[in-house]
Amino acid sequence: MSARLTRATSLLAASVGLIPSGLFPHEEDAQKFLELALAGQRNVHAVIVQNRLGPDGRPGMLVKIQIVPSKGMKTTILQPISMQGFVVVDDGVESKVYDPDREEVFVQPSPNIFMPPMSVRSRLIKANYEVKYGRHRVLAGRRCHEVVLDPRQPKMPQRRLSIDDTKRIILRYVMVPAGGEAAIFTDVKSVIYDQREASEDFGLPASTERMRVRRMEGPKVVSDPVSVKVEVGFRLKRPSSLPYGFEVHAIHLVGHDDEKFLALRTSDGMSFVTVYARKDASHSSRPPSRSGPGVTKDGIKFSAVTMAGDPIPSEVLTSLSEAVSRSLR
């Protein structure tokens with residue numbers, strides 16, 4: 001996959017007026033209101049123009065998002081010019097990415113399948129965050145309320161989500177690293193809730209019907225990592241506990257026929273970190289496809305990778321890698 005395509009898929013993967021904060025058009029407590037929003041982002045016909053923060057200080061993106069509940073979500077990159085025209089259509093199971101420069105379609109599993117169910121997220125959010133209401137404001141002409149998540153783990157970032165009061169779409173997502181400055185992760189510039197406009201031209205461009213399609217094999221769900229020790233070349237037990245409030249919610253066997261490795265999907269309810277376990281890449285003919293803070297134990301490399309733009313400290317990621325490495329047998 002090209003560097004531009006990798007960047008596009010990883011980022012595609014997310015006037016203010018103040019109103020008295022005592023006005024609530026809904027009756028849910030803050031966590032319930034948040035959960036309804038997190039569970040319902042694909043349930044409303046909408047056309048959204050949104051700014052997204054770029055990782056590692058790189059320029060962000062301006063994207064157009066079309067949501068059609070029966071079909072999924074279409075994302076078109078408008079800016080920067082270097083990535084203009086990329087289109088992603090995601091139905092929640094499969095993600096199709098159109099690369100206009102290479103004139104091909106790349107098909108891969110939807111990031112949605114790597115997410116824990118809402119029941120698990122709810123439990124983890126309660127355990128790891130104090131959830132409360134913040135300011136009530138107007139964004140893109142819509143009244144919304146801010147939900148603030150203060151982490152119980154001091155090294156984790158605070159999160160502030162401004163949610164449409166009636167449609168419960170997240171209009172702004174702000175992250176505040178421990179001891180750092182707030183960064184706007186996503187920010188809606190305009191939003192229209194209209195079935196006809198959302199459905200207009202939904203799908204990949206018609207020209208893609210004649211283009212080459214490249215498919216990436218989906219991950220294999222693994223209930224017990226010990227059961228695939230022959231494929232990966234080592235024996236790893238499912239970790240019984242992880243630091244910083246994280247929990248393993250899924251384990252996948254990934255990679256190519258000549259080199260398989262494990263992907264342990266973990267979350268604290270709001271952050272999502274994958275810990276990869278594979279034979280040390282320095283002894284492999286194939287360069288590592290994933291890299292992140294980690295450790296090597298008994299010739300096995302453990303590296304933790306978070307979602308693009310999530311300011312989780314390297315110390316936390318390294319601790320997660322170390323915790324998983326202790327399950328090596």
Side-chain angles (χ1 to χ4, degrees), residues 12-53 62-76 78 88-92 111-112 115-126 129-150 158-176 182 184-202 269-270:
L12 290 168
S15 66
V16 177
L18 295 180
I19 298 174
S21 59
L23 298 180
F24 287 83
H26 48 79
E27 298 180 354
E28 300 88 7
D29 65 23
Q31 171 138 352
K32 182 62 176 177
F33 184 50
L34 171 67
E35 291 174 7
L36 289 170
L38 294 176
Q41 293 302 290
R42 292 171 176 259
N43 296 342
V44 179
H45 286 93
V47 179
I48 297 167
V49 177
Q50 178 193 79
N51 275 328
R52 294 187 179 182
L53 179 69
L62 181 69
V63 300
K64 176 186 176 182
I65 302 169
Q66 295 166 249
I67 303 172
V68 178
S70 62
K71 297 181 179 180
M73 185 179 295
K74 174 182 178 179
T75 303
T76 305
L78 305 178
V88 179
V89 177
D90 189 315
D91 63 6
N112 188 65
M115 302 285 281
M118 198 60 233
S119 59
V120 173
R121 293 191 69 181
S122 174
R123 173 174 55 79
L124 290 172
I125 290 170
K126 283 184 178 179
Y129 295 89
E130 178 188 355
V131 185
K132 59 189 179 183
Y133 281 115
R135 301 298 297 270
H136 204 146
R137 50 169 53 95
V138 171
L139 294 173
R142 301 291 303 183
R143 292 170 61 123
C144 58
H145 215 106
E146 183 182 62
V147 174
V148 180
L149 294 93
D150 288 323
Q158 182 198 64
R159 299 167 190 274
R160 304 173 186 168
L161 285 72
S162 295
I163 302 169
D164 188 310
D165 276 334
T166 56
K167 298 296 186 179
R168 294 186 171 86
I169 292 292
I170 298 169
L171 300 184
R172 178 178 291 168
Y173 193 154
V174 177
M175 296 187 186
V176 187
I184 299 178
F185 184 57
T186 61
D187 191 19
V188 169
K189 312 311 293 180
S190 69
V191 57
I192 299 172
Y193 299 112
D194 183 88
Q195 181 175 354
R196 183 186 60 81
E197 291 200 36
S199 302
E200 185 177 1
D201 296 327
F202 192 94
M270 292 301 295

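Just so you know, these numbers use all the heavy atoms, side chains as well, and skip hydrogens, waters and symmetry mates. Numbering starts at 1 and runs along the sequence shown.
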Q: For the pair H145 and Y133, name the ring-plane relationship: parallel under 30°, tilted 30 to 60°, perpendicular over 60°.
A: perpendicular
Q | N/O donor-acceptor pair under 3.5 Å between E200 side chain and R196 backbone | A | no
Q) What distance do C144 atom SG and L139 atom CG have between them, rounded to the nearest 0.5 Å? A) 4.0 Å
Q) Out of curiosity, Q66 CD to M73 CE, how far, rounded to the nearest 0.5 Å? A) 11.0 Å
(Q) Could you measure the distance from the OG1 atom of T186 to the CZ atom of R52? Nearest 0.5 Å is fine. (A) 7.5 Å
Q: List the steps, then state whether side chain to side chain contact (heavy atoms under 4.5 Å, CB included) holds for R42 with D90.
A: CA-CA 10 Å; R42 292 171 176 259; D90 189 315; 3.4 Å; yes
Q) Looking at M270 and Y129, what are the two nearest heavy atoms and their distance? A) CB-OH, 3.8 Å
**Q.** Pairwise distance CD1(I67) to CD(Q195) - rounded to 0.5 angstrom
**A.** 13.5 Å
Q: Kindly indicate whether the side chain of L62, heavy atoms from C-beta on, has any atom under 4.5 Å from the side chain of V49.
A: yes
Q: Without swapping roles, check the side chain of K71 against the backbone of V89 for a donor-acceptor pair under 3.5 Å.
A: no
Q: Working to the nearest 0.5 Å, report the span between CD of Q50 and CG of L78.
A: 11.0 Å
Q.
Walk me through whether I184 and N51 qualify under side chain to side chain contact (heavy atoms under 4.5 Å, CB included).
A. CA-CA 9 Å; I184 299 178; N51 275 328; over 6 Å; no
Q: Verify side chain to side chain contact (heavy atoms under 4.5 Å, CB included) between V68 and H45, making sure each step is shown before the conclusion.
A: CA-CA 5 Å; V68 178; H45 286 93; 4.0 Å; yes
Q | Side chain proximity check, L171 to I169, heavy atoms < 4.5 angstrom | A | yes
Q | Note, L149 side chain near L161 side chain (heavy atom, < 4.5 Å) | A | yes
(Q) Under a 3.5 Å threshold, yes or no: a donor from one side chain and an acceptor from the other, between R143 and T166? (A) no
Q: Evaluate the side-chain proximity of V47 to D194: yes if any heavy-atom separation is below 4.5 Å, no if none is.
A: no
Q. With respect to K167, which candidate in I163, D165, D164 satisfies the side chain to side chain contact (heavy atoms under 4.5 Å, CB included) definition?
A. D164
(Q) Contact between L38 and S122 at the side-chain level, heavy atoms closer than 4.5 Å - yes or no? (A) no
Q) Under 4.5 Å between any side-chain heavy atoms of L34 and R121, yes or no? A) no
Q | Side-chain heavy-atom pair K64, T75 within 4.5 angstrom cut-off | A | no
Q. So, the side chain of E35 versus the backbone of M118: is there a donor-acceptor pair under 3.5 Å, distance only?
A. no
Q. How long is the span from the CZ atom in R159 to the CZ atom in F185, to the nearest 0.5 Å?
A. 8.5 Å
Q: Answer yes or no: is there a side-chain heavy-atom contact under 4.5 Å between R168 and V44?
A: no
